[in-house]
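Accompanying notes for the structure given below.
One-based numbering along the sequence shown.
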Amino acid sequence: MTTHVQIALWGVLPYLTLTVLVAGTMWRYRYDRFGFTTRSSQLHESRLLGIGGPLFHYSLLLVAGGHVMGLLVPEWITQRLRVSETTYHAVALTVGGAAGVAAVGGLGILLWRRLRVAAVRQATSRSDRVVYPLLTVVLLAGLTATASSVANPYDYRLGVSVWFRSLFELDPDVPAMAHAPLVYQLHALLAMALFALWPFSRLVHAFTVPVGYLVRPYIVYRSHARATPYRQPATARPYPRKPAERHRRAGLPR
């Protein structure tokens with residue numbers, strides 16, 4: 001039997017989170033457009049940032065792609081593509097697990113850098129102190145859910161995925177999520193909290209990916225060595241000479 005708490009968590013809270021995410025982003029863009037930035041601290045330290053930054057971001061892209069495949073692609077599509085459940089879960093476990101571990105490792109390097117470098121630590125905002133621990137817990141919960149699939153026969157594609165897709169139909173399948181293991185529920189709740197805080201933190205810079213760079217016209221540069229030297233037109237007024245040169249030409253003492 002579905003309780004009022006389950007309806008609130010899995011039938012109402014997702015829409016409240018989406019409302020805060022969209023409205024908060026629009027408000028931030030309207031009143032703090034110049035705040036759509038990572039507030040980069042590369043000037044303070046670049047070695048650890050050059051390692052942890054790419055590792056975290058590229059791994060997070062793989063994690064997001066795995067979530068799209070697992071949550072939005074129904075099971076019957078992979079069956080029609082002749083991908084067995086054993087193969088699907090093996091790929092999800094190895095690739096998704098490796099991407100999750102790499103993302104946690106990259107985030108760990110970035111957090112160690114923020115704690116170790118005094119200038120970076122001083123540049124940490126209040127929202128960072130909330131978002132960083134929350135992001136860490138979200139990733140660890142996702143890794144725990146992935147690892148638990150080895151011993152737990154629960155198939156999230158028949159539970160969590162069904163609930164997630166039902167949200168887009170405006171008819172939430174609350175029991176599908178209410179009967180999921182606790183680690184999946186915890187991961188979903190923490191993710192919703194992260195998305196609710198998204199517009200009010202540095203994470204909002206994810207919406208400023210320069211996609212326009214892919215379609216913008218080329219910028220033509222001319223080589224300085226091959227550039228034609230500028231020649232002053234004959235009718236143009238000559239530049240004023242120095243006083244000493246003017247006196248010399250006029251035959252006057254300096």
Side-chain angles (χ1 to χ4, degrees), residues 1-24 59-104 107 130-131 133-198 203:
M1 181 178 178
T2 304
T3 64
H4 295 292
V5 175
Q6 293 172 343
I7 294 175
L9 290 178
W10 314 120
V12 179
L13 187 59
Y15 296 108
L16 291 178
T17 302
L18 180 62
T19 301
V20 173
L21 176 63
V22 175
S59 302
L60 200 62
L61 287 177
L62 291 176
V63 171
H67 279 70
V68 171
M69 288 291 297
L71 296 177
L72 295 181
V73 178
E75 190 175 10
W76 62 267
I77 292 181
T78 56
Q79 290 177 352
R80 285 196 176 184
L81 295 176
R82 301 182 181 234
V83 178
S84 65
E85 283 299 305
T86 303
T87 303
Y88 177 88
H89 286 289
V91 172
L93 180 62
T94 54
V95 178
V101 170
V104 171
L107 182 60
V130 177
V131 169
L134 182 58
L135 182 58
T136 303
V137 177
V138 169
L139 290 175
L140 292 176
L143 274 177
T144 304
T146 302
S148 67
S149 63
V150 178
N152 192 346
Y154 174 76
D155 188 356
Y156 67 90
R157 302 180 74 195
L158 300 178
V160 179
S161 300
V162 174
W163 164 78
F164 186 78
R165 291 194 300 271
S166 69
L167 296 176
F168 296 94
E169 301 173 358
L170 302 182
D171 186 18
D173 191 344
V174 175
M177 190 64 188
H179 296 115
L182 180 60
V183 64
Y184 288 91
Q185 296 180 357
L186 182 62
H187 182 53
L189 290 174
L190 291 171
M192 284 190 282
L194 183 65
F195 284 120
L197 293 174
W198 196 289
L203 296 177

Gap between atom [atom2] of [Y] and atom [atom1] of [X] - 0.5 Å precision:
| X | Y | atom1 | atom2 | answer |
| --- | --- | --- | --- | --- |
| M177 | L189 | CE | CG | 7.0 Å |
| L158 | E85 | CG | CD | 7.5 Å |
| L139 | L134 | CG | CG | 9.5 Å |
| S161 | D155 | OG | CG | 8.0 Å |
| L60 | L135 | CG | CG | 7.0 Å |

So, for [X] and [Y], which heavy atoms are closest and what is the spacing to 0.1 Å?
| X | Y | value |
| --- | --- | --- |
| T17 | A196 | CG2-N, 4.0 Å |
| A191 | V138 | N-CG2, 4.0 Å |
| A145 | Y184 | O-OH, 3.4 Å |
| P14 | W163 | CG-CZ2, 3.7 Å |
| A102 | S59 | CB-OG, 3.1 Å |

When you compare the side chain of [Y] with that of [X], does any pair of heavy atoms fall below 4.5 Å?
| X | Y | value |
| --- | --- | --- |
| L143 | V104 | yes |
| H179 | Y154 | no |
| Y88 | V73 | no |
| L190 | L186 | yes |

Can a donor-acceptor pair be found, under 3.5 Å and without considering hydrogens, that links the side chain of [X] to the backbone of [Y]?
| X | Y | value |
| --- | --- | --- |
| Q185 | A180 | yes |
| H187 | V183 | no |
| W10 | P175 | no |
| Y15 | L167 | yes |
| W198 | L203 | yes |
| T78 | V83 | no |
| R157 | L71 | no |

**OP:** Verify side-chain contact (heavy atoms from CB on, under 4.5 Å) between V150 and L93, making sure each step is shown before the conclusion.
**Re:** CA-CA 8 Å; V150 178; L93 180 62; 3.5 Å; yes

Original post:
Near F195 CZ, under 6.0 Å, is it more than 12 heavy atoms from other residues, nucleotides or ligands?
Top reply: no

Original post:
Got a sec, which residues hit salt bridge (charged side-chain N to carboxylate O under 4.0 Å, His left out) with E75, two or more places apart in sequence or on another chain?
Top reply: none

